[in-house]
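Structure first, then comments.
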Amino acid sequence: MAKATKKQALGRGLSALLKDPENDIQSASDKNADKVVGNIVELDLDAIEVNPFQPRSNFNDEALRELATSISELGIIQPITVRKLDFNNYQLVSGERRFRASKLAGLRTIPAYIRIANDQESLEMALVENIQRQDLDPIEIALSYQRLIDEIQLTQEKLSDRVGKKRSTIANYLRLLKLDPIIQTGIRDGFVSMGHGRALVNVDSKEEQIDIYEKIVGQNLSVRDTERIVKSYHDKQKGSMSSTGGGKNPEFAVLSKKELVDYLNAKVVVSSSEKGKGKITIPFTSEDELLRIKKLILGK
């Protein structure tokens with residue numbers, strides 16, 4: 001108890017230091033910066049603004065109220081992380097649920113770790129730290145990965161190193177963004193799981209995706225059930241291709257397409273004529289994806 005009281009007192013002392021205009025810390029090289037950066041400081045909630053880079057967009061009201069009750073009884077167990085914007089002005093990097101719940105609980109201050117970072121660093125910190133959380137939904141994680149790729153210019157390989165996840169895991173999340181927005185919303189709201197989404201993403205037609213999604217929700221189908229329906233969909237596509245004369249050996253074309261999709265981890269369109277001639281089309285959504293596919297094809 002004495003130890004906690006001492007830490008709290010230290011936090012209040014550092015808070016007073018930060019409110020002194022003569023000690024306005026703007027960079028890690030400023031006087032007294034070492035006393036603040038990396039330490040827990042009690043900050044006024046009114047001095048903190050939410051992070052526009054926050055990947056989370058859904059906050060469950062009931063869960064926030066429960067957290068607010070817990071904070072009222074036990075206090076903040078894990079400090080939030082902020083970055084300094086200006087004199088006595090901070091921006092959240094991580095911990096928005098705790099920040100919101102603390103306001104609900106009627107607190108005036110909150111313990112925080114202070115960092116000094118520019119917008120680019122703040123975006124990366126917010127995304128990477130939030131990805132590590134257990135309560136983000138799969139679509140939020142996928143969007144965070146995509147933002148790191150697009151805005152920080154990371155390849156999937158570099159992103160894998162940065163967040164400590166296998167590249168195949170990252171690719172599986174990113175593929176969810178190819179789903180129809182209605183299905184993405186269903187995953188976010190918990191109507192279907194990521195497993196359902198991973199099965200549905202193998203269906204090219206958005207209309208077919210929606211039809212199968214409605215069956216999943218309406219009949220409470222399992223992931224295994226969904227995989228069977230998707231397999232049936234592909235079997236039907238094979239039959240359609242065969243009946244319309246899709247080449248000398250349409251099954252070979254379908255098998256080749258599956259092998260290419262698995263190898264390249266990308267959408268592949270294979271078309272062939274009755275004479276056995278055809279073409280392969282590989283769409284890509286970014287320069288990084290093009291470079292990744294090129295590397296796989298050329299082997300360098």
Side-chain angles (χ1 to χ4, degrees), residues 138-139 141-160 166-187 192 194-213 226-300:
I139 300 300
I141 293 174
L143 289 170
S144 296
Y145 285 150
Q146 192 62 57
R147 287 189 69 183
L148 281 165
I149 289 171
D150 294 342
E151 299 181 41
I152 309 297
Q153 302 301 307
L154 294 178
T155 63
Q156 285 192 21
E157 287 76 13
K158 289 180 180 177
L159 178 57
S160 171
K166 292 181 180 178
R167 194 191 68 78
S168 58
T169 299
I170 292 170
N172 282 333
Y173 276 103
L174 290 173
R175 292 184 73 210
L176 295 178
L177 300 180
K178 297 178 181 179
L179 291 167
D180 186 277
I182 291 175
I183 301 173
Q184 291 187 36
T185 301
I187 293 174
V192 293
M194 180 177 176
H196 290 103
R198 287 181 61 183
L200 286 171
V201 83
N202 293 309
V203 176
D204 294 333
S205 166
K206 293 292 176 69
E207 290 182 2
E208 289 284 350
Q209 284 185 7
I210 295 297
D211 286 344
I212 297 172
Y213 169 74
T226 305
E227 290 171 345
R228 280 195 285 266
I229 291 176
V230 171
K231 183 179 183 303
S232 175
Y233 162 80
H234 285 300
D235 289 342
K236 186 171 68 174
Q237 292 293 99
K238 283 184 191 177
S240 174
M241 186 175 179
S242 178
S243 64
T244 56
K248 290 183 178 180
N249 190 348
E251 289 187 5
F252 174 75
V254 172
L255 178 61
S256 298
K257 173 181 175 179
K258 184 179 185 306
E259 289 174 337
L260 284 168
V261 169
D262 290 343
Y263 179 69
L264 297 174
N265 190 29
K267 183 177 179 181
V268 177
V269 178
V270 177
S271 59
S272 60
S273 68
E274 291 183 1
K275 295 181 179 180
K277 296 180 180 180
K279 65 179 180 180
I280 297 171
T281 306
I282 308 171
F284 55 89
T285 57
S286 68
E287 185 178 348
D288 280 340
E289 187 176 12
L290 171 61
L291 292 173
R292 180 183 67 79
I293 294 170
K294 177 183 173 184
K295 183 178 178 182
L296 287 169
I297 292 173
L298 299 180
K300 60 181 180 179

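Residues: numbered from 1 along the sequence shown.
- Partner of V201 under the side-chain contact (heavy atoms from CB on, under 4.5 Å) criterion, out of L176, N172, L177, L179: L179 alone.
- Listed by chain and number, the residues in a side chain to side chain contact (heavy atoms under 4.5 Å, CB included) with R292 are Q156, E157, R167, N265, A266, E289, L296 (sequence neighbours excluded).
- The side chain to side chain donor-acceptor pair (under 3.5 Å) check on N202 picks up R175, with sequence neighbours excluded.
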Exercise. For side chain to side chain contact (heavy atoms under 4.5 Å, CB included), just list the numbers for V192 and L200, CA-CA rounded to whole Å, side-chain angles, deciding distance to a tenth of an Å, and then say yes or no.
Key: CA-CA 11 Å; V192 293; L200 286 171; 5.8 Å; no
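- The side chain to side chain contact (heavy atoms under 4.5 Å, CB included) check on E227 picks up A199, V223, R224, with sequence neighbours excluded.
- Partners of K231 according to the side chain to side chain contact (heavy atoms under 4.5 Å, CB included) rule, which considers only residues two or more places apart in sequence or in another chain, are D235.
- K178 NZ: more than 12 foreign heavy atoms inside a 6.0 Å radius.
- With rounding to the nearest 0.5 Å, the separation of CG in D180 from OG1 in T185 is 8.5 Å.
- The ring-ring contact (aromatic ring centres under 6.0 Å, His included) test applied to Y145 returns Y173, not counting sequence neighbours.
- Between L291 and T155 there is no side-chain heavy-atom pair separated by less than 4.5 Å.
- The distance from the CD atom of Q146 to the CG atom of L159 is 9.5 Å, given to the nearest 0.5 Å.
- Note that CG of L174 and OG of S144 are 10.5 Å apart. Values are rounded to the nearest 0.5 Å.
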Practice problem: Would you check, one step at a time, whether the test side chain to side chain contact (heavy atoms under 4.5 Å, CB included) holds for V203 with I212? | Solution: CA-CA 9 Å; V203 176; I212 297 172; 4.0 Å; yes
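- By the side chain to side chain contact (heavy atoms under 4.5 Å, CB included) test, S205 is found to be paired with E207, E208, Y233, residues two or more places apart in sequence or in another chain being considered.
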